[in-house]
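In what follows, a single structure is set out as structure tokens and then discussed.
Here the structure is a predicted model, which is why all the values come from computation and not from measurement.
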Amino acid sequence: MNLKNVEIIAKKELKSLADEKTIILAIVLQLFIAMFSSFLLIGLASMYNPDSISSYSNVKYPVAYTGEPSEVLTYLRDSSDFVVYEMDLSTAVEALKERKLSAVLWMPDTAPDYEYPVKITLYTIGNDIQSSLVNVKLKQILLKYEDKLREIRSDRLNGEIVDIKIPASDPSGDFYEFVYGLLIPLLLFMPAIISGALIIDMITEEYQESTLETLLSTPIGFSEVVWGKTAACFILVPVQAAAWLTLLMVNGIAVAGFIPILLHISVASLVIILAGAIIALKYHERTNAQFVFSAAIVAVILIFLAFPMNTANIIVRLSVGSIGSEHWLILGIILAIAAALAYIVTGYSEKMRAKFI
């Protein structure tokens with residue numbers, strides 16, 4: 001194989017990609033989002049767990065209290081999170097519909113020491129981020145009232161009460177898990193999967209646009225064409241991954257193991273790209289190849305995640321600096337898989353060339 005020819009094809013494909021304004025815009029958009037990842041993280045973390053940002057809010061939310069007087073009304077008035085309005089239920093619900101209120105509580109006339117549960121009705125606005133925050137804060141009020149009811153009804157218990165001391169939870173834990181356990185692996189694997197889909201388009205367009213004959217009429221071999229396209233797709237992954245990690249670090253998110261992470265995601269992406277190339281060589285037609293690739297990549301990822309030392313888990317542990325040298329062994333194994341796929345791609349492309357001619 002002539003590496004010079006591979007380089008020529010790779011440069012040609014990269015130049016073609018540079019002319020594709022949609023792809024460039026997508027990459028620029030990713031970088032733009034990463035530049036403001038601190039804001040992005042707060043938004044995504046709120047979807048992951050509203051508790052994570054409830055402490056950041058200093059707004060007083062207007063809520064209506066309806067029904068019978070109770071300790072809940074006292075707790076709401078004492079809370080620094082709410083401005084409480086006492087009104088009748090129908091007026092309060094109408095005000096909620098007009099978004100003049102954030103929530104409406106209706107308290108039944110059930111006495112605290114009654115034999116049946118106290119069923120409090122809560123009205124909020126559906127599919128609203130503010131309602132998620134209000135629910136979190138109201139939950140604290142209602143849990144406090146629940147403790148009060150348990151205290152009042154404690155004489156009904158026949159057994160001995162066991163005092164369980166539960167350690168106080170760390171509010172930053174959810175943010176930590178979200179960033180390192182979910183966001184970083186997703187950001188790094190996204191360019192790898194996109195490149196896997198990209199190699200399919202690059203190869204199948206040669207068949208569908210009948211440009212393969214022109215290529216094969218030159219001194220460049222078909223395997224060199226395939227490897228040139230593979231190289232063009234592969235180069236994009238470490239560049240994008242390095243940009244993501246750098247911008248996350250600029251935004252104050254510490255990432256350990258920068259270079260090992262890039263090596264792992266690069267080798268994993270090479271496996272994905274080579275698998276995409278084999279599928280493209282097999283099917284020749286873009287739609288079928290993309291469908292097979294999408295189905296296969298989902299199945300492979302699910303199987304892959306069943307193993308504790310998978311690349312995603314290794315990247316998480318590398319990013320927090322909690323893994324030893326054993327990850328190099330895994331990198332070697334995946335590199336061997338990539339080498340096997342590379343051998344298949346080279347042999348298969350030569351076989352397809354002979355069949356095509």
Side-chain angles (χ1 to χ4, degrees), residues 32-33 36-114 116-153 166-179 181-183 186 251-253:
F32 179 79
I33 293 172
F36 300 96
S37 54
S38 294
F39 300 100
L40 174 71
L41 290 177
I42 292 175
L44 292 177
S46 67
M47 297 172 67
Y48 177 71
N49 182 3
D51 284 336
S52 61
I53 63 168
S54 61
S55 58
Y56 294 105
S57 174
N58 295 317
V59 177
K60 283 194 171 186
Y61 298 100
V63 297
Y65 183 90
T66 64
E68 298 298 319
S70 71
E71 292 286 335
V72 175
L73 179 59
T74 304
Y75 297 151
L76 286 171
R77 285 173 173 166
D78 294 341
S79 173
S80 60
D81 297 322
F82 301 106
V83 178
V84 186
Y85 300 95
E86 291 184 70
M87 56 181 69
D88 62 87
L89 180 60
S90 59
T91 305
V93 171
E94 286 301 318
L96 180 66
K97 289 179 180 176
E98 297 174 2
R99 293 184 176 267
K100 295 179 180 176
L101 295 171
S102 298
V104 176
L105 273 168
W106 180 79
M107 177 63 68
D109 58 355
T110 308
D113 57 350
Y114 195 56
Y116 295 118
V118 179
K119 296 182 179 180
I120 301 174
T121 304
L122 173 64
Y123 300 86
T124 59
I125 302 170
N127 301 321
D128 186 84
I129 295 177
Q130 178 180 287
S131 292
S132 300
L133 294 175
V134 173
N135 287 342
V136 171
K137 294 180 181 295
L138 282 174
K139 180 182 176 183
Q140 298 170 2
I141 299 291
L142 296 176
L143 285 175
K144 190 176 179 181
Y145 184 60
E146 183 183 18
D147 290 338
K148 182 68 177 180
L149 292 180
R150 289 180 187 276
E151 182 182 339
I152 294 172
R153 301 180 180 192
I166 301 175
S169 60
D170 182 5
S172 63
D174 293 332
F175 186 81
Y176 182 86
E177 292 171 4
F178 175 78
V179 171
L182 183 63
L183 186 63
L186 281 178
N251 278 271
I253 298 171

Between OH on residue Y145 and CG on residue L73, distance to nearest 0.5 Å: 11.0 Å
side-chain hydrogen bond (donor to acceptor under 3.5 Å, both in side chains) involving E146 - partner list, sequence neighbours excluded: R150
Nearest heavy atoms of L89 and Y123, plus distance in Å: CD1-CE1, 3.7 Å
Nearest atoms (heavy-atom pairs only) where F82 meets V63: CD2-CG1, 3.6 Å
For E86, all residues meeting salt bridge (Lys or Arg N to Asp or Glu O under 4.0 Å), sequence neighbours excluded: R77
CA sep, side-chain torsions, deciding dist, call: Y75, L142, side chain to side chain contact (heavy atoms under 4.5 Å, CB included): CA-CA 9 Å; Y75 297 151; L142 296 176; over 6 Å; no
Spatial distance of atom OG1 (T66) from atom CG (L105) [nearest 0.5 Å]: 7.5 Å
Partner residues of D88 under the side chain to side chain contact (heavy atoms under 4.5 Å, CB included) criterion, sequence neighbours left out: S90, T91
Partners passing salt bridge (Lys or Arg N to Asp or Glu O under 4.0 Å) against K100 (at least two apart in sequence or in another chain): E98
Spacing of CG belonging to L138 relative to OH belonging to Y61, to within rounding of 0.5 Å: 10.5 Å
Side chain to side chain contact (heavy atoms under 4.5 Å, CB included) against I152, all qualifying residues, sequence neighbours excluded: P112, D113, K148
For T124, side chain to side chain contact (heavy atoms under 4.5 Å, CB included) partners two or more places apart: A103, L122, S131, N135
I141 vs L76 side-chain heavy atoms within contact, under 4.5 Å: yes
Heavy-atom closest pair, residues V104 and V93: CG2-N, 4.4 Å
Partners meeting side-chain hydrogen bond (donor to acceptor under 3.5 Å, both in side chains) with Y65 (sequence neighbours left out): S70
Under the side chain to side chain contact (heavy atoms under 4.5 Å, CB included) test, residues paired with T110 that sit two or more places apart: P108, Y114, V118
Heavy-atom pair of closest approach, residues L101 and A92: CD1-O, 3.5 Å
All salt bridge (Lys or Arg N to Asp or Glu O under 4.0 Å) counterparts of K97, not counting sequence neighbours: E94
